[in-house]
Structure formats: structure tokens, C-alpha cells
Amino acid sequence: MPSSPQTIDALLTRSEQIAGLTLAEIAAHLGVQLPANARKEKGWTGQLIELWLGATAGSKPQQDFPHLGVELKTLPIDRNGRPLESTYVCMTPLLNARGETWQSCNVRNKLAQVLWVPILAERAIPIAQRIVGNALLWRPSAAQETILKQDWEELMEAVAFGQIEQLTARHGEALQLRPKAANSQVRTKAIGPNGQIIETLPRGFYLRRSFTESLLRNYF
DNA sequence: AAGTGATCATGT
DNA sequence: ACATGATCACTT
């Protein structure tokens with residue numbers, strides 16, 4: 001069981017060791033079983049890489065490597081290096097939307113420094129044969145942070161003013177709000193149009209594919 | 001093909 | 001119920 005890296009250099013070295021390997025090879029190193037039904041175990045790849053890199057397992061709303069200030073994200077890409085999916089960031093606070101600021105919010109905290117681990121993961125490739133790419137440690141540029149901050153403030157203002165039901169995935173240039181729940185029947189409390197408490201579908205913040213694609217391009 | 005809304009597994 | 005890890009699946 002890998003221990004948690006104590007320095008960023010150690011983390012990067014660890015990530016370099018799996019560049020070019022298939023997920024089956026990494027699973028074998030770790031003694032992890034391949035998923036019987038990969039379509040259902042959607043988080044398996046991310047958890048495998050977490051294990052290899054020694055991320056703190058668990059479901060706490062924090063960075064994966066708190067002592068390093070680094071968040072880990074696997075990023076499914078096609079053969080041209082284009083992201084195949086949007087990237088989940090964190091849950092959207094719907095009830096205490098006021099009292100949150102960009103400086104203090106979880107989105108900013110998680111995106112302050114991200115180790116992106118690209119995975120060649122076209123759907124036609126069986127999960128065992130998917131290949132890990134070269135990881136890159138990213139910090140948002142001033143321009144990128146400006147966009148993220150603007151999106152976050154626009155979305156959270158709507159949430160704070162009881163407009164959650166009017167928000168869709170079409171809002172936001174880089175950050176979007178989408179459902180984040182076991183199914184569409186799940187409910188959580190939110191602020192309603194008249195300031196009352198309403199029940200609504202839980203939402204999460206996601207990075208658009210176009211945003212992660214552009215940040216990848218800056219490295220290659 | 002792209003984008004949005006829905007969903008699956010697991011741990012606390 | 002809420003948070004993590006995300007991708008699936010349907011509409012446009």
C-alpha cells in the first residue's frame with residue numbers, strides 16, 4: 001500500500017512511474033481486481049490512481065493531498081489528447097450560499113493546484129487496456145482564475161437569490177452546475193424564490209470540457 | 001458529435 | 001443525506 005508522498009517532487013516522481021502503463025498493469029502492481037462491470041464502476045480509474053499515488057482515501061470535501069495543497073484528477077482523453085468528459089469539482093452549497101466567497105469556497109480550494117492525470121480512455125478501449133499519460137501539475141493562470149471566479153460568483157448569486165431552479169448546465173463559461181445525485185428523485189434543501197426553504201436536486205460544480213482542453217493545450 | 005441531465009459505486 | 005470517485009445515456 002503506497003504511503004502518502006511528503007513532497008510535490010515525490011508525488012510527481014510517483015506519477016511518472018505509471019506514465020505509459022495500462023490500468024491492468026497498475027492494478028496488478030497494487031493487487032487490485034479489475035472491475036467486472038466497468039460501465040457501472042465509474043470511479044474505478046480515479047480510485048486506482050488515488051491508491052497508486054497514496055492519496056488520502058475518503059469522501060471528505062478536501063484536497064486529495066492536503067499537506068501538499070494538491071487535488072488529484074484523472075482526465076479521460078481521446079487519442080488526440082482531447083478530454084472526453086467534463087470534470088466534477090465539488091458539491092454546490094445551496095443553503096448557505098451567502099457567506100461564501102470566492103476566496104473561501106471549495107471550488108477555489110480544490111482548483112488552486114491540480115495534478116491532472118490523463119487517461120487514454122476512449123469507450124472502445126476496454127478499461128484494462130486504457131493507458132495512463134504524463135501527469136501535469138496545474139495552477140490556474142490569472143486569466144483562468146478570473147473566468148472561474150466570475151462563473152462562480154454568477155452561479156452562486158443565483159443560488160443565493162433563490163434562483164436555483166432557473167440555473168442549467170448552459171450557464172457559466174468554464175464552470176457549470178449539473179445534477180450530482182444517485183438519481184433525479186433525490187432532494188436536498190435550497191433557498192427558494194421568496195427566501196423560503198425548498199427541496200431540490202443536489203447540484204455539483206463541473207469544469208467544462210472546453211476549459212480542461214485549453215489548459216491541457218497550454219502544456220503541449 | 002456535442003452538450004445536458006441522469007446515474008452508478010462506495011464511504012462517512 | 002452528503003461527500004468522494006466519475007461516466008453514462010439521452011437529446012439536440
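Predicted, not measured: the structure shown is a model, and the values here were computed from it. All chains are named by letter (A, B, ...) in the order of the sequence lines, taking the proteins before the strands, and each is independently numbered beginning at 1. Values below: every heavy atom of this structure, side chains too, minus hydrogens, waters and symmetry copies.
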Within the structure shown, what part of the strands sits under 4.0 Å from [X] by heavy-atom distance: base, sugar-phosphate, or nothing?
X	answer
Leu201(A)	sugar-phosphate
Thr168(A)	sugar-phosphate
Ala181(A)	base
Arg178(A)	base
Gly46(A)	sugar-phosphate
Lys73(A)	sugar-phosphate
Glu71(A)	sugar-phosphate
Lys110(A)	sugar-phosphate
Pro76(A)	sugar-phosphate
Asp64(A)	sugar-phosphate
Arg209(A)	base
Thr45(A)	nothing
Arg82(A)	sugar-phosphate

Let me know the distance between [atom1] of [X] and [atom2] of [N], rounded to the nearest Å.
X	N	atom1	atom2	answer
Arg187(A)	dC2(C)	CZ	P	12 Å
Ile127(A)	dG5(C)	CD1	P	16 Å
Ile77(A)	dA6(C)	CD1	P	14 Å
His171(A)	dG5(B)	NE2	P	10 Å
Asp78(A)	dA2(B)	CG	P	9 Å
Lys60(A)	dG11(B)	NZ	P	13 Å
Arg203(A)	dT4(B)	CZ	P	14 Å
Leu75(A)	dT7(C)	CG	C1'	12 Å

Over 12 non-hydrogen atoms of neighbours within 6.0 angstrom of NZ in Lys149(A)
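Atom NZ in Lys149(A) is not packed in, count stays at 12 or less.
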
Can you tell me if CD on Gln33(A) sees more than 12 non-hydrogen neighbours from other groups inside 6.0 Å?
no

Candidate nucleotides [options], ranked by approach to the side chain of [X] - the nearest:
X	options	result
Pro179(A)	dA6(B), dA6(C), dG5(C)	dA6(B)
Pro61(A)	dT4(C), dG5(B), dA6(C)	dT4(C)
Arg208(A)	dT4(B), dG3(B), dT12(B)	dT4(B)

Check whether any side-chain nitrogen or oxygen of [X] sits under 4.0 Å from OP1 or OP2 of [N], and answer yes or no.
X	N	value
Tyr88(A)	dT7(C)	no
Ser184(A)	dG5(B)	no
Arg123(A)	dA9(C)	no
Ser59(A)	dT10(B)	no
Gln176(A)	dT4(B)	yes

base_contact_polar (dT4(C) base, Lys180(A) side chain, donor-acceptor, <3.5 Å)
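A donor-acceptor contact between them is present.
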
Would Arg98(A) pass as a cation-pi partner of Phe161(A), given that its NZ or CZ must be under 6.0 Å from the six-membered ring centre and within 45 degrees of the axis?
yes

Going by atom types alone, do Glu100(A) and Trp152(A) pair a side-chain donor with an acceptor below 3.5 Å?
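No, no side-chain donor-acceptor contact under 3.5 Å.
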
Closest non-hydrogen atom pair, Val89(A) against Val107(A):
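Smallest interatomic distance, heavy atoms only, reads CG1-CA, 4.2 Å.
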
Nearest 0.5 angstrom please: Arg178(A) CZ to His171(A) NE2, how far?
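Reported to 0.5 Å precision, the distance equals 15.0 Å.
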
